[in-house]
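All heavy atoms count here, side chains included; hydrogens, waters and symmetry mates do not. Below, chain A is the first sequence line, B the second, and so on; all start at residue 1.
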Amino acid sequence: MLEKVVEMKLTRVNQLRSQVGQEVRIKGWVNTIRDQKTMQFLIVRDETGLIQIANSRKENPGLAEIISGLTNESVIEVVGQVMANEAVQLGGLEIIPKQITVLSLADPNLPVDKDSSLSIRLDWRFIDLRRPENHLIFQIQTTAEHAMREYWYQNGFIEIHSPKLMGSASESGAELFSLKYFDTTAYLAQSPQFYKQMAMAAGFNRVFEIGPVFRANPSFTSRHDTEFTSIDVEISWIDSHEEVMAFEEQWLQYVLKAIREKHGAAIKETFGVDVVVPELPFPRMSMEEAYQLLDEKGHELPEAKGDLDPEGERLVARHIMEKYGHEFVFVTDYPVAVRPFYHMRHEDRPHLTKSYDLLWKGLEITTGAQREHRYDILARQAQEKGLSLEGIDFYLNFFKYGCPPHGGFGFGLTRMLMVLLNVANVREVTYLYRGPNRLTP
RNA sequence: GGAGCUGUGGUGUAGUCGGUUAACAUGUCGGCCUGUCAAGCCGGAGAUCGCGGGUUCAAGUCCCGUCAGCUCCGCCA
C-alpha cells in the first residue's frame, strides 16, 4: 500500500480541479498554518498555485501532530483526496490528507517578508523570489528571450557567444573591470561590440548575442548595474542606420506581441500595466528636432553638448505620446562628440553620426548605429577620439581585408522588463543584482 | 564622483518643543478556540534606538564625523 503511494504521480496544484474525488500527491511550501483545536488548515503553495489542506484532529491524530510541528515555508509532500467544497474560499477545493511528509523543515524565524526593504529582500533573494509576482517576472523574461530568438531564427541570424575576458578595452567611456590574468591583466567585456562586428567581417551576415556585460561605473541609480544581460544584434549589407531601426522595431513588435499573448492578463493583474503591441513604424525624431522641442518647452538643455538628460528623454517621450500616442521613439543622428569612434558619420553632415537611441516610455533601452567599415576613416576617427591604434589593432584589422557595410544595436534586457512592468528599480527584475556595493548573494 | 533623504525588537513603522519603565502592527513562542480562510482571543520573549564623538542636569530626539541604504544627477543598456 505504501509503495503504491510512493509511486503515485505528482500533481501540480493548478491541475487539482480536474482531480476532484481522486487521490493525489502534491509537493510544495507551507504558505499558511491555521492550527485549531478540532480542525487544522494548511495552505500549500507550489509554482502553479495555492491549495488548502484540511485535517480533522479527531479523525487523524497522527497527522495532527505532524501539522502542529510544521513551520511556514517548510517543504512538504501531501497525499490525500481532492474534494470540492463551496465553503473553501480558495478556489472551492481542498485536500483531505492521508499522509504528510516533511521534506525540508524551515526555520520559523524568516528574515524577510514582502514588505521588507529592497536591500533586505536582495540579501535574502531566494526567499523573495518565491513570491508569485517574482516568478511571473522571470516567466516573462523567458517568453521575451524565446520570442527574440524565434524572430532571429526565422530571419537567418546566427547566434554568437563572444568572450567576456579581453586583453583591451572595447569602447571608450564606460570603465572596465580589470583582473589578474596569469602574468598580465585582463578586462571584463563591457560590450560584445567588437566581436559582433568581427562576425560581419567573417561573413556571418546577421548575428545576435544574449550575454553578460560588465561596467565599472559607480552608478547609483535605479536603472544601472555593474553586470547585466545585454542583447546585441549586428546586421550586414545595410545602407544606413534606418535599416537597423526598421529591424529593431519589427523585432520588438514581435516580442511584445508574444508577451502580450502569453502574459498580458497576468501582467495587467499583477502589475496593473496594459502591454501595448506597438504600431510600425515607431516615431522618429532627430536629435536636432529633440533639441528644438526641448527649447520650446523651456527645458534647460544639459551642458553635455548634444545628448539628452533623463528629464529631456522623458519630455521627448511625453511629447511623442501626446502627438502620436506611441510609447516608443527613435532619437536619431547624435553629434559625433557624444558617440563612440566607430559610429559612421553622415556624408553631408560630418558632425552627425548615423546613430540612434530608442526610448521606451522615456527610458533609454537601446543604442544603435551604422558602423564605420572603411579602415582609413575608422582609424582616423579613433585617433580623433584619442584612442591609441595599437590598443585596437586587432579590431581595426577586421576592416582591412574586406568587410561589409553593417550596423546594429545593443539592448538592455532588464531595462526592457523594468519599463514593461512599470517597476521602479532594475534590481526587482534582475535575478541577482550586481552594483557598486553589492557582490552578494 | 556630486546632491538630497533615511538608518528604532526578526520584519514594517510611531516616537510631538530633548525629560523618568522606547510604543504599535506583524512575525515568533506558549495557551485557548468544533471549518478556518488576511482566522480570532489571552499571555510571553524580543530593540540600549547603525557606529564614534560632542552639546546638555538630561539625547532615539540637537551638532560633528563615519558607515550603510535609497533617490536624483553624471556615466550608460
Residues A:H135 and A:Q139: side-chain donor-acceptor under 3.5 angstrom: no

For the residue pair A:Y395 and A:Q197, confirm or rule out a side-chain donor-acceptor distance under 3.5 Å. yes

Please give the nucleotide sitting opposite [N] as a Watson-Crick or G-U wobble pair, both distances under 3.5 Å, or none.
{"N": "B:U66", "answer": "B:G50"}
{"N": "B:G9", "answer": "none"}
{"N": "B:C76", "answer": "none"}

Give the intermediate values and the outcome of side-chain contact (heavy atoms from CB on, under 4.5 Å) for residues A:F341 and A:E372. CA-CA 8 Å; A:F341 74 95; A:E372 182 50 70; over 6 Å; no

Hey, which sits more toward the 5' end of RNA chain B by its nearest nucleotide, A:L122 or A:E313? A:L122

Pick the closest RNA chain B nucleotide for A:N85 and for A:S116 by heavy atoms, then say which residue is nearer the 5' end. A:S116

What integer distance in Å separates [X]:[atom1] from [N]:[atom2]?
{"X": "A:R215", "N": "B:C75", "atom1": "CZ", "atom2": "P", "value": "14 Å"}
{"X": "A:L118", "N": "B:U11", "atom1": "CG", "atom2": "P", "value": "15 Å"}
{"X": "A:F220", "N": "B:G4", "atom1": "CZ", "atom2": "C1'", "value": "15 Å"}
{"X": "A:D113", "N": "B:G9", "atom1": "CG", "atom2": "P", "value": "14 Å"}
{"X": "A:D107", "N": "B:G27", "atom1": "CG", "atom2": "C1'", "value": "12 Å"}
{"X": "A:M416", "N": "B:A77", "atom1": "CE", "atom2": "P", "value": "17 Å"}
{"X": "A:N437", "N": "B:U71", "atom1": "CG", "atom2": "P", "value": "12 Å"}

Looking only at side-chain atoms of A:P111, point me to the closest of B:G10, B:U36, B:C76. B:G10

With the side chain of A:P310 defined as its heavy atoms from C-beta on, choose the nearest nucleotide among B:C70, B:U28, B:C73. B:C73

Across the strands shown, which category fits [X] at heavy-atom distances under 4.0 angstrom: base, sugar-phosphate, nothing?
{"X": "A:I120", "answer": "sugar-phosphate"}
{"X": "A:S56", "answer": "nothing"}
{"X": "A:T366", "answer": "sugar-phosphate"}
{"X": "A:N425", "answer": "sugar-phosphate"}

Ring centres under 6.0 Å, that's the criterion: do A:F177 and A:F214 meet it? no

Check whether the ring centres of A:F157 and A:W251 lie less than 6.0 Å apart, and answer yes or no. no

B:G35 pyrimidine/purine six-ring stacking with A:F41, under 5.5 Å and 30°: no

Reckon A:S117 has a side-chain N or O less than 4.0 Å from the OP1 or OP2 of B:G12? yes

OP1 or OP2 of B:C73 under 4.0 Å from side-chain N/O of A:R223: yes

How long is the straight-line distance from CD1 of A:I95 back to CG of A:N55, given to the nearest 0.5 Å? 12.5 Å

Taking atom C1' in both B:G1 and B:C57, what distance in whole Å separates the two? 45 Å

